[in-house]
*Asks:* 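Before anything else, here's the structure in question.
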Amino acid sequence: MEFASHMQTALDEARAAADRGEVPVGAVVVAPGGQVIARASNRTRTLHDPTAHAEVLAIRAACAALGQERLPGHDLYVTLEPCPMCAAAISFARIRRLYYAANDPKSGGVAHGARVFSHAQCHHAPEVYDGIGSTEAEALLRAFFKSRRQ
């Protein structure tokens, strides 16, 4: 199968989050055959739920759609490096590959901070690919936070 990125769909979700006043992060779960089975964006403010990150919501929706608690063979596209909570959820869900756009040196949990997948206690680590769509994701985040500071 030829590789097809789904980062643009995740970026669409991130823009929708920004339009709702949420931090612009979007996530997409893709099945082994290449079809999008779930997509989500941050809803922490909307749902009054600190765990309502795009990754967690997309994983929940994919698991519900498939009627299972794990997603082996599935890929996750997200516009920002997952935080430690989301990285743990990705591990628990047994995501095959994680593609993320922008690095998050302040709150990331994959390449920065906790580095969840490198711990001995981590039972499953996905293949990780970063930087896909980073320019657009970073611009969305910068514009969002700049508008909050004015």
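Numbers here simply count residues along the sequence, with the first being 1.
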*Asks:* Taking all heavy atoms of C63 and all of Q68, pick out the closest pair and write down the distance.
*Replies:*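 Shortest heavy-atom contact: CB-O, 2.9 Å.
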*Asks:* So, applying side-chain contact (heavy atoms from CB on, under 4.5 Å) with E55, which one of L76, L80, I95 is it?
*Replies:* L76
*Asks:* Can you hop from V128 to I90 via hydrophobic side chains spaced under 4.5 Å?
*Replies:*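 Cluster IDs for V128 and I90 match.
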*Asks:* Return the minimal non-hydrogen interatomic distance between A62 and A38, and the atom names on each side.
*Replies:*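 Minimum heavy-atom contact is N-CB, 3.6 Å.
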*Asks:* Kindly compute the distance separating CG (D75) from OH (Y129), expressed to the nearest 0.5 Å.
*Replies:*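 If I round to the nearest 0.5 Å, the distance is 9.0 Å.
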*Asks:* Would you please say whether a donor-acceptor pair under 3.5 Å links the side chains of E22 and T46?
*Replies:* yes
*Asks:* Among side-chain atoms of S41 and R20, is any donor-acceptor pair under 3.5 angstrom?
*Replies:* yes
*Asks:* Mind checking the CZ-NE2 spacing from F92 to H124? Nearest 0.5 Å is all I need.
*Replies:* 11.5 Å
*Asks:* List the atom of A18, the atom of P24, and the distance in Å for their closest heavy-atom pair.
*Replies:*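 For A18 versus P24, the nearest heavy atoms are CB-CB, 3.9 Å.
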*Asks:* Is it the case that the side chains of N42 and T44 hold a donor-acceptor pair, with the cut-off being a distance below 3.5 Å and no angle test?
*Replies:*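 No.
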*Asks:* Within the structure provided, determine whether Q8 and E13 are in side-chain contact (heavy-atom separation under 4.5 Å).
*Replies:* no
*Asks:* Is there a chain of hydrophobic side chains (I, L, V, M, F, W, Y, each step under 4.5 Å between heavy atoms) that links L140 to I132?
*Replies:*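 Looking at the clustering, I132 is in the same group as L140.
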*Asks:* Kindly compute the distance separating CD (E127) from CZ (F117), expressed to the nearest 0.5 Å.
*Replies:* 12.0 Å
*Asks:* Looking at E69 and R94, is there a salt bridge between them, counting it only when a charged N and a carboxylate O are closer than 4.0 Å?
*Replies:*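 No salt bridge links R94 with E69.
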*Asks:* Is the backbone of A114 close enough, under 3.5 Å, to the side chain of H119 for a donor and an acceptor to pair up by distance?
*Replies:*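 Answer holds: yes.
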*Asks:* Evaluate the side-chain contact (heavy atoms from CB on, under 4.5 Å) criterion for residues L141 and E138: first the C-alpha distance (whole Å), next the side-chain angles of each, then the deciding distance (0.1 Å), finally the verdict.
*Replies:* CA-CA 5 Å; L141 288 159; E138 290 164 0; 5.6 Å; no
*Asks:* Within a strict 4.5 Å, meaning less than it, do heavy atoms of the D104 and C83 side chains meet?
*Replies:* no
*Asks:* Applying the 4.5 Å side-chain criterion to the ILVMFWY set and letting contacts propagate, would L71 and Y99 be lumped into a single cluster?
*Replies:* no
*Asks:* For the backbone of L11 and the side chain of T79, can you confirm whether one donor and one acceptor N or O come within less than 3.5 Å of each other?
*Replies:*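 Side chain of T79 to backbone of L11: no pair is present.
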*Asks:* Tell me whether the rings of H6 and Y77 are parallel (<30°), tilted (30 to 60°) or perpendicular (>60°).
*Replies:*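 Perpendicular, since the angle between the ring planes exceeds 60°.
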*Asks:* Flag yes if I59 and V23 sit in one hydrophobic cluster, no otherwise; membership is Ile, Leu, Val, Met, Phe, Trp, Tyr, and two members link when side-chain heavy atoms are under 4.5 Å apart.
*Replies:* yes
*Asks:* Can you confirm whether F144 is buried at CZ, in the sense that more than 12 heavy atoms of other residues, nucleotides or ligands lie under 6.0 Å from that atom?
*Replies:* yes
*Asks:* Considering non-hydrogen atoms only, spot the tightest contact between A40 and A58 and give its length.
*Replies:* CB-N, 3.6 Å
*Asks:* Between M85 and V56, is the side-chain contact (heavy atoms from CB on, under 4.5 Å) condition met? List the steps.
*Replies:* CA-CA 9 Å; M85 174 187 70; V56 170; 4.2 Å; yes
*Asks:* Measure the CG-OG distance between L98 and S91 for me, rounded to the nearest 0.5 Å.
*Replies:*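 Result: 11.5 Å between the selected atoms.
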*Asks:* If every non-hydrogen atom of P32 is compared with every non-hydrogen atom of G73, which pair is closest and at what distance?
*Replies:*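 Nearest heavy atoms, P32 then G73: CG-O, 3.3 Å.
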*Asks:* Evaluate the side-chain contact (heavy atoms from CB on, under 4.5 Å) criterion for residues T51 and R60: first the C-alpha distance (whole Å), next the side-chain angles of each, then the deciding distance (0.1 Å), finally the verdict.
*Replies:* CA-CA 11 Å; T51 69; R60 286 177 185 164; 3.4 Å; yes
*Asks:* Would you give the length of the straight line joining atom OG of S134 to atom CE of M7, rounded to the nearest 0.5 angstrom?
*Replies:* 9.0 Å
*Asks:* Without swapping roles, check the side chain of Q35 against the backbone of V30 for a donor-acceptor pair under 3.5 Å.
*Replies:* no
*Asks:* After noting the C-alpha distance and the side-chain angles of V29 and R39, does the key distance pass the side-chain contact (heavy atoms from CB on, under 4.5 Å) rule?
*Replies:* CA-CA 6 Å; V29 176; R39 53 191 289 171; over 6 Å; no
*Asks:* If two hydrophobic side chains count as joined below 4.5 Å and joins carry through other members, does V78 share a cluster with F145?
*Replies:* yes
*Asks:* Which distance, rounded to the nearest 0.5 Å, do you find between the CZ of R142 and the OG of S147?
*Replies:* 13.5 Å
*Asks:* Locate the shortest heavy-atom distance separating D130 from N103; write the atom from each residue and the value.
*Replies:* OD2-OD1, 3.8 Å
*Asks:* Do P105 and H112 come close enough that some side-chain heavy atom pair is under 4.5 Å?
*Replies:*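 The answer is yes, as the side chains (C-beta and beyond) meet within the 4.5 Å cut-off.
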